[in-house]
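Accompanying notes for the structure given below.
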Amino acid sequence: MSLSAPGIDFGQPSAALRLWGGRLSARVNPRVLAMAALLALGAVAIGLVTLASGEFQLSPGEVAGALLGQATAKVHMVVVEWRLPRTSLALIMGAALGMSGAIFQSLTRNPLGSPDVIGFDSGAYTGALLVIIVLHGNFYGIAAGALAGGILSAAIVYILAWRGGVQGFRLIIVGIGVSAMLTALNSYLLIKADLKVAMTAAVWSAGSLNGMTLERLGQVSAVLGIIVPLTLLLGRAMRQLELGDDAARALGVNVERTRFGMTVLGVALTATVTAAAGPITFVALAAPQIARRLCGTSGVALLPAAATGALLLAGADYLAQRAFAPTQLPVGIVTVCIGGLYFAWLLMREARR
Amino acid sequence: MTSLALAADRSATARSGVAASNAQRLLWLGLAVAALALVLLLSVAIGSKDIPLPTVLDSLLHATDSDDRAIIVALRIPRTVLGLTVGVALGLSGALVQALTRNPLADPGILGVNAGASFFVTLAVGFLGIASIGGYIWFAFLGAVLATLLVYAIGSVGRGAATPIRLTLAGVAVGAVLSGISNGLALLNPAAFDRLRYWSAGSLTTPGYDNLLVILPFIVVGIGLAVAVSRPLNAIALGDDLAAALGANMLRTRVLVVVAVTLLSGAATAIAGPIGFVGLMVPHVARWIAGPDQRWIAAFTLVLAPILLLVSDILGRIVMRPGELQVGIVTAFVGAPVLILLARRRKVSGL
């Protein structure tokens with residue numbers, strides 16, 4: 001592996017990363033890489049604090065010992081079996097959501113782009129509502145309903161927007177239409193349901209990490225272990241697509257195939273999270289924009305967005321558990337609040353400079 | 001760029017609507033007005049008790065003394081007038097927001113109006129125990145105004161005026177925080193949750209004129225402002241730098257647009273709940289018919305938005321007889337297919 005500075009001025013410091021004698025190479029921006037690493041470190045640090053705190057307060061040494069397998073059975077159970085699944089899931093699901101947001105904002109070239117642009121979130125909610133209200137299903141039933149609803153509506157939006165290719169603007173408009181119908185259907189279902197059932201559904205729709213197990217951690221990591229590398233591989237073509245369809249084509253990018261791949265991967269990332277924890281909104285919307293401001297890049301980038309998403313969700317989860325302890329808030333409500341406040345502060349700070 | 005080139009450029013973009021000339025636009029507008037007139041009559045005639053159109057016309061023109069006339073005067077006409085007013089307000093504010101932010105995803109809610117109104121209604125219901133619509137109409141309006149002010153303040157911190165992109169993002173941030181807090185409060189308070197799920201569906205069932213008279217002045221001022229800014233908004237559509245070069249007063253235009261949007265959609269949301277989609281969709285349709293001139297877009301929106309809202313309201317009365325479906329639920333099902341069809345058929349005219 002070697003890092004070398006190329007002789008071209010990209011307007012920002014950059015270096016070329018070469019692996020295996022140049023067979024695999026990528027241009028990297030040191031500031032972006034450093035910032036992403038810093039954000040990821042921050043996310044892990046928050047995760048460690050979350051592992052230590054709770055009803056049963058632990059010292060950092062005890063947490064480290066438990067993670068290394070050198071703690072008493074009791075501490076091991078609290079840290080590894082009770083807290084670790086939830087905390088790790090917050091980190092990796094946050095990263096997945098951040099990446100998914102970056103994909104959709106790049107795809108639509110719109111800072112308001114999120115998986116909901118393609119109808120995923122509203123469709124998932126519809127699926128879950130039908131399972132909760134009509135079938136009275138359990139966790140797996142709700143997850144399956146959400147997945148089916150989300151993927152179905154995303155597919156419908158994509159197909160309806162297809163006309164010899166999918167153009168960003170048309171995708172947005174069709175997505176607005178389908179999402180609006182699904183949202184209307186959702187509020188109808190909520191009104192018709194019994195108050196108690198409706199509140200259960202509303203709690204699910206806020207997104208919650210309560211009751212995450214080691215088993216679920218295994219399932220989610222297995223799925224994301226496949227999707228995330230594929231997403232990173234597509235990242236370069238995605239950046240070229242931001243130049244515009246014609247320029248991207250001239251650079252040798254297969255525009256329609258890239259766009260289809262991005263949509264599928266973006267939906268897959270969100271779908272995994274939604275199935276496991278309900279629709280945790282706002283991370284996908286805010287993380288890419290926060291990351292863009294921190295890194296000073298012109299477009300949204302995958303790695304910083306993933307690191308920011310992880311930091312956001314891990315921090316939100318800590319607050320969701322501790323802010324009103326012993327009352328446990330749905331993490332989605334906290335994400336929206338702290339993410340929104342931080343985003344507003346960042347906007348103001350950026351404007352002052 | 002010379003003025004000649006600019007003029008050529010303008011006429012080239014102006015052709016992108018369905019109607020190519022002003023005469024054709026007038027014809028389309030005439031058709032739309034006729035359709036609106038028909039919809040208004042139908043809205044008075046159709047309901048849980050259908051009244052034949054001749055009887056409707058008869059009761060409107062002569063002071064007859066019948067049950068039908070009582071229904072018409074006491075219920076149907078107020079509801080129709082409310083639909084007309086709310087439709088105009090929502091559509092027009094949507095057209096203004098999309099022109100201001102140059103973003104096709106922007107609806108009046110993007111400036112925080114719906115989130116602010118919902119937040120204050122949650123507070124009013126959850127903590128002050130206010131349960132009547134007349135009671136929380138002021139809370140909703142106040143919430144809408146305060147949220148928009150906050151969004152504009154955050155968007156315009158620092159040097160220079162609020163740019164469209166910063167306004168949009170500030171709206172996203174403020175809206176998210178407010179709706180997050182409202183949702184959290186509602187989940188802890190079942191009574192507030194119960195009322196909010198009905199309020200947030202949006203409906204036109206407030207009886208009588210009392211509430212309408214409260215919000216009407218705000219809407220009238222809002223419409224006046226919307227008409228006044230439509231010319232400068234045309235310049236803004238060319239981009240900030242070009243608009244400044246053409247002599248448009250950017251700051252004044254933006255402030256006026258934000259005020260108009262707050263008045264229009266704040267008042268509409270206060271009385272009818274957060275009815276989505278009308279403000280989002282109708283301006284797109286108006287743009288497809290009329291092309292990019294903001295003055296024509298405003299004119300078409302003024303007529304098309306109440307058509308969408310009233311048709312939805314009428315359908316809401318029919319589909320679940322003898323019950324009713326809230327208009328906010330129906331609008332999407334009436335409008336979205338039209339929007340998708342248009343998006344597929346025509347080369348869309350972007351912003």
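Naming: A, B, ... by sequence-line order, numbering from 1 per chain.
- Both the backbone and the side chain of A/V178 have a heavy atom closer than 4.5 Å to some heavy atom of chain B.
- Heavy-atom pairs under 4.5 Å with chain B peak, among A/L190, A/L160, A/V174, at A/L160.
- The closest side-chain donor-acceptor pair between B/Q98 and B/R287 falls under 3.5 angstrom.
- Residues in residues 310-326 of chain A take part in these salt bridge (charged side-chain N to carboxylate O under 4.0 Å, His left out) pairs, two or more places apart or across chains: A/R86-A/D317.
- For A/L195, the parts lying near chain B are the backbone and the side chain together; criterion is any non-hydrogen pair under 4.5 Å.
- The part of A/F282 that comes within reach of chain B is its side chain, from C-beta onward, which places non-hydrogen atoms under 4.5 angstrom from that chain.
- Against chain A, no residue from residues 308-319 of chain B qualifies, as none has a non-hydrogen atom under 4.5 angstrom away.
- At a cut-off of 3.5 Å, with distance as the only test, no side-chain donor of B/S118 or B/S182 sits close to an acceptor on the other residue.
- Among the candidates B/A332, B/A153, B/P337, B/G335, the residue making the largest number of heavy-atom pairs closer than 4.5 Å to chain A is B/A332.
- By number of non-hydrogen pairs under 4.5 angstrom with chain B, the leading residue of A/S187, A/S179, A/A198 is A/A198.
- Neither the backbone nor the side chain of A/L182 comes within contact range of chain B, judged by heavy atoms closer than 4.5 Å.
- For B/L325, the part sitting under 4.5 Å from any heavy atom of chain A is the side chain, from C-beta outward, and nothing else.
- Only the backbone of B/A186 comes within contact range of chain A, judged by heavy atoms closer than 4.5 Å.
- Ring orientation note: the planes of A/W204 and A/Y125 are close to parallel, at an angle under 30° on the 30°/60° scale.
- Between chain B and the residues A/L341, A/T335, A/V157, A/L329, the most heavy-atom pairs under 4.5 angstrom are made by A/L341.
- If you measure heavy-atom distances from B/F277 to chain A, the contacts under 4.5 Å come from the side chain alone.
- A donor-acceptor pair under 3.5 Å is absent between the side-chain atoms of B/T331 and the main chain of B/V278, judged by distance alone.
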